[in-house]
Asks: 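Sharing a structure here in structure tokens format.
All figures in this text were calculated on a predicted structure; none of them were measured in a lab.
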Amino acid sequence: MTTCPDDKEIFITSGRSVIGAGCNHRMMECDHEEADTRIMVHLQDALENGSIVCQVRTVDPDVIVILIGKFHHLLTLNPDANIWVAFGTGKHFSFIHVNEICMALGEDTSVALPVFHSFTGCDTTSAFYRKGKNVAWDAWKCYPAVTQAFTYMAMNPYARLETDTQHFKLLERFVVVLYDKNSNLESINEARRELFCQKNRPMENIPPTLDALLQHSKRAAFQAGTWTTSNLTIQESPTPGWGWTRCGDNQRWAPVWITQPITSKACSELVKCVCKSNRGCGGRCACKRAHWKCTELCSCTCEKRVSTE
């Protein structure tokens with residue numbers, strides 16, 4: 001039987017319990033389902049029991065985001081906390097100094113980062129089409145007012161979002177900027193109309209509808225709530241009805257993308273692709289890929305779909 005070295009403390013999770021070896025204290029029970037957030041509980045315990053320099057080993061960027069979001073909370077446990085992350089594998093391995101990142105970002109941005117990450121796409125929330133993290137980060141810099149919404153959601157986990165609330169309107173404006181930095185519009189539906197009708201954007205390159213954005217925001221708020229309560233040993237997360245629904249015989253959770261009719265079916269005559277082929281696209285245009293016929297608005301000479309009353 002292997003024994004714990006005298007200078008080491010080992011903690012192993014077992015359900016809600018945490019089993020320790022080589023230590024003179026016990027960690028509290030923890031109901032976290034994600035290993036990502038359990039790391040925060042162990043890190044807090046280390047800081048509260050005299051550790052100063054702590055290193056977290058991970059290959060998951062979500063862990064770094066969680067640590068950045070909770071860094072200033074960790075300083076309240078130990079003002080001298082020095083947090084490092086050993087991140088990646090092989091030639092992509094590196095040491096990341098969380099203190100340095102948070103000092104550069106500032107407290108507000110650090111606290112807001114987990115919500116930004118969840119809102120702009122992570123493992124459980126979809127990203128905006130062709131809008132990666134770099135594009136989203138630039139949009140954040142162009143519209144810093146959205147930090148207020150991100151911070152509110154971080155400080156008020158699982159806060160309900162509705163289309164008429166102040167913080168949702170900030171998110172709405174942020175998505176408008178994400179798709180068109182020069183737009184002065186506040187309404188995402190108006191931005192959709194302008195980009196489609198006046199700037200000739202194809203359907204896949206305009207923002208989601210207000211209804212779709214609300215469902216997405218709810219899913220982002222749920223995931224962000226899990227991350228921003230990672231300092232609590234007992235999270236008691238609510239049932240994920242936040243933009244999710246039970247479906248199928250096995251009643252698995254599935255995203256609620258929209259609660260209103262799909263635009264392409266309700267207004268099919270307005271759908272168009274940007275194919276300009278004079279000989280037919282051979283099934284490569286957006287309409288063909290979606291199993292539609294091209295409409296009169298399409299520029300190509302593929303078989304047209306004529307709307308009928």
Asks: Please find the pair of heavy atoms, one from V111 and one from M155, that lie closest to each other, and give the distance.
Replies: CG1-SD, 3.9 Å
Asks: May I ask you to check whether Q223 and H117 show a side-chain donor-acceptor distance below 3.5 Å?
Replies: no
Asks: If only side-chain N and O atoms count, and only distance matters, is there a donor-acceptor pair under 3.5 Å linking D108 with T151?
Replies: no
Asks: Determine yes or no for a side-chain-to-main-chain donor-acceptor pair under 3.5 angstrom, with Q55 supplying the side chain and W84 the backbone.
Replies: no
Asks: Are V59 and V98 in one and the same hydrophobic cluster, where Ile, Leu, Val, Met, Phe, Trp and Tyr link if side-chain heavy atoms are under 4.5 Å apart?
Replies: no
Asks: Would one find more than 12 heavy atoms of other residues, nucleotides or ligands at under 6.0 Å from atom CD of E100?
Replies: no
Asks: Is there a side-chain contact between M40 and L74, using heavy atoms and a 4.5 Å cut-off?
Replies: yes
Asks: Ring centres of F222 and W244 under 6.0 Å apart?
Replies: no
Asks: Answer yes when K199 and D180 have at least one side-chain N-carboxylate O distance shorter than 4.0 Å, and no when they do not.
Replies: yes
Asks: Is the Y179-Y129 ring centre distance short of 6.0 angstrom?
Replies: no
Asks: Test I39 against every option in V56, D60, V85, I66 by the side-chain contact (heavy atoms from CB on, under 4.5 Å) rule and name the one that passes.
Replies: V56
Asks: Going hydrophobic residue to hydrophobic residue with side-chain gaps under 4.5 angstrom, can you get from I96 over to L43?
Replies: yes
Asks: With a 4.5 Å cut-off on side-chain heavy atoms, are E34 and D62 touching?
Replies: no
Asks: Counting the benzene-type ring for Trp, do H216 and F119 have ring centres under 6.0 Å apart?
Replies: yes
Asks: Side chains of T120 and K133 only: does a donor on one sit below 3.5 Å from an acceptor on the other?
Replies: yes
